[in-house]
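Both counts, for ligands and for their atoms, begin at 1 and track the order of listing. Below, each value reflects all heavy atoms present in this structure, side chains not excepted, and no hydrogens, waters or symmetry copies.
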Amino acid sequence: MKIVIIGGGVMGTAIAHELAGPGFEVVILERAIPGAEASTAAAGMLAPQLEAQAPGPMLELSMRSRGLYPAWARSLSAESGLDVAYLESGALQLAYTEAQAHDLDALVAWQQAMGLRATLLAGPEVCALEPNVSPEVVAAAHFPDDHQVDPKKLMKALSAAVARKGVSFRTGYARRLLEENGSVTGVDLDGESLHADLTIVAAGSWSSLLPGAAIDPKHLKPARGQMIELALRLPPVKHLLKSGLGYVVPRSDGHVICGTTVELAGYDKRVTAEGLATVLAQAMRACPMLKDATVIDSWAGLRPWTEDSLPLLGVGHLKNLVIASGHHRNGILLAPITAKLVGQLVRGERTSVDLTPFRPGRFSSFGG
Ligand SMILES: Cc1cc2nc3c(=O)[nH]c(=O)nc-3n(C[C@H](O)[C@H](O)[C@H](O)COP(=O)(O)OP(=O)(O)OC[C@H]3O[C@@H](n4cnc5c(N)ncnc54)[C@H](O)[C@@H]3O)c2cc1C
């Protein structure tokens, strides 16, 4: 079976990794450099508990994926010979006011009721755990099972692992899906008709621009996130720190990734003065020691945002079409479960997660 995947980000490559093997010829179509868009702009937090607003299908999907990560990271490292910097960091969500502490108390309570490990720490306990966190912090929710990976290293390992498994990459722009009698038969790649028995759309924020995929740009659009990388001699903290949209992700070498903004600003990847000021202010408030850090880099990436914050995952509106997009803020985290579920769909097995809430057609008339 020939499978063509449009998009060489973490989704397309993780799916290729899952499918490559006897019986499947897998080709990834990438218009530029594989992994160079959202997938390497990401911070790499694997943090469903830190991200969760409420119980629901997104939390369930995210928890499943987090559970797959340690083994997935180990196997990618073994297959590629490259480290992916998977770190069992744990995470702290910070409260600077009593009102925020009250909200964290409720968050911890419902997560504990679900059997998840979560604790509310008072200010002095936060200080004992992380002495370089701001003295302004009055409380924090502690999620020891939220971890991190380095997305740049992950993408290198994933690309090497799929190449070893015989997946081929074609550089080119997928102009549209080819269709015959209600089935997708392949892709127009820069004017060449490329036949496929199955086509998978994993084109991130650009998925809704692909003619034939029937994804409305109103429902899937780019959400810019701006980031700054700082460096100190030693990591200032061990845990991922978050407050509101601001976060600090300490790598083991003393580099610190600071995020972020969420801006529906079209396909504009500029880093702006206001964006940088916001990100830096949030990071320095959480960890004042960062005021003295060296600025290493800044960048912006485009997250595939969806209207209801759930990915588009499942069969498309035509036969032989699968959509795996719209993972917004959590695509690094969700890569292994997405790949596993697409593998189950392609092999005709029952999926281990109910895909109904993620139906790609849920916003449109075809409903599939
Ligand atoms: C600033 C920022 C911080 C983030 N932090 C985290 C985090 O901490 N944890 C987490 O889990 N997630 C995080 N994310 C989200 C995560 O990065 C994304 O959800 C994920 O990378 C999406 O992967 P993707 O493969 O769908 O998209 P992308 O990585 O954008 O890949 C899509 C690929 O498709 C290609 N393409 C598009 N159209 C075509 C076409 N027509 N023909 C050929 N190729 C095409 C593009 O060139 C691109 O390479 C963050 C994202 C950003 C931007």
Show me which atoms of ligand 1 lie under 4.0 Å from any heavy atom of [X].
{"X": "Gly7", "result": "33 (C), 34 (O), 35 (C)"}
{"X": "Ala203", "result": "32 (C), 34 (O), 37 (C), 38 (N)"}
{"X": "Tyr247", "result": "3 (C), 5 (N)"}
{"X": "Gly301", "result": "53 (C)"}
{"X": "Gly172", "result": "42 (N), 43 (C)"}
{"X": "Leu333", "result": "10 (C), 11 (O)"}
{"X": "Ala43", "result": "3 (C), 4 (C), 5 (N), 6 (C), 8 (O)"}
{"X": "Leu29", "result": "43 (C), 44 (N)"}

Got more than 12 heavy atoms from elsewhere within 6.0 Å of [atom1], [X]?
{"X": "Glu349", "atom1": "CD", "answer": "yes"}
{"X": "Lys319", "atom1": "NZ", "answer": "no"}
{"X": "Lys221", "atom1": "NZ", "answer": "yes"}

Close side-chain approach of [X] to [Y], heavy-atom, < 4.5 Å:
{"X": "Leu19", "Y": "Met1", "value": "no"}
{"X": "Glu125", "Y": "His142", "value": "no"}
{"X": "Glu51", "Y": "Leu333", "value": "no"}
{"X": "Pro311", "Y": "Met11", "value": "no"}
{"X": "Ser325", "Y": "Val201", "value": "no"}

Please determine whether any non-hydrogen atom of [X] lies less than 4.0 Å from an atom of ligand 1.
{"X": "Ala32", "result": "no"}
{"X": "Trp299", "result": "no"}
{"X": "Ala41", "result": "yes"}

Consider every N or O of [X] and every N or O of ligand 1, then say whether any pair is closer than 3.5 Å.
{"X": "Gly225", "result": "no"}
{"X": "Ser39", "result": "yes"}
{"X": "Gly44", "result": "yes"}
{"X": "Ala42", "result": "no"}
{"X": "Trp206", "result": "no"}

Nearest to [atom], what protein heavy atom do you find, and at what distance?
{"atom": "atom 43 (C) of ligand 1", "answer": "Arg31 N, 3.3 Å"}
{"atom": "atom 31 (O) of ligand 1", "answer": "Gly9 CA, 3.5 Å"}
{"atom": "atom 20 (C) of ligand 1", "answer": "Gly331 CA, 3.8 Å"}
{"atom": "atom 52 (C) of ligand 1", "answer": "Arg303 CG, 3.6 Å"}
{"atom": "atom 27 (O) of ligand 1", "answer": "Gly204 CA, 3.5 Å"}

- Do Gln93 and Gln49 meet the criterion of a side-chain donor-acceptor pair at a distance under 3.5 Å? no
- Query: So, Gln148 versus Ser89: side-chain donor-acceptor pair below 3.5 Å or not?
  - Reply: yes
Lys/Arg N to Asp/Glu carboxylate O, [X] vs [Y], below 4.0 Å:
{"X": "Arg66", "Y": "Asp146", "result": "yes"}
{"X": "Glu229", "Y": "Arg251", "result": "no"}
{"X": "Arg362", "Y": "Glu307", "result": "no"}
{"X": "Arg270", "Y": "Glu263", "result": "no"}

May I ask which of [options] has a heavy atom nearer to [atom] than the others do?
{"atom": "atom 17 (O) of ligand 1", "options": "Ser205, Gly12, Gly35, Ala38", "answer": "Ala38"}
{"atom": "atom 15 (C) of ligand 1", "options": "His327, Met155, Gln148, His328", "answer": "His328"}
{"atom": "atom 40 (C) of ligand 1", "options": "Ala324, Ala174, Pro222", "answer": "Ala174"}
{"atom": "atom 47 (O) of ligand 1", "options": "Met45, Arg176, Glu37, Glu30", "answer": "Glu30"}

Using a 4.0 Å heavy-atom cut-off, which part of [X] comes near ligand 1: side chain, backbone, both, or neither?
{"X": "Met227", "value": "side chain"}
{"X": "Arg329", "value": "backbone"}
{"X": "Val10", "value": "both"}
{"X": "Gln226", "value": "neither"}

- Message: Keeping Thr351 on the side-chain end and Asp354 on the backbone end, is there a donor-acceptor pair under 3.5 Å?
- Response: no
- Please lay out, stage by stage, how Thr272 and Arg224 fare under the test side-chain hydrogen bond (donor to acceptor under 3.5 Å, both in side chains). CA-CA 11 Å; Thr272 64; Arg224 180 169 69 191; 4.6 Å; no
- Item | Transitive ILVMFWY side-chain link Phe169 to Ile33, under 4.5 Å | no
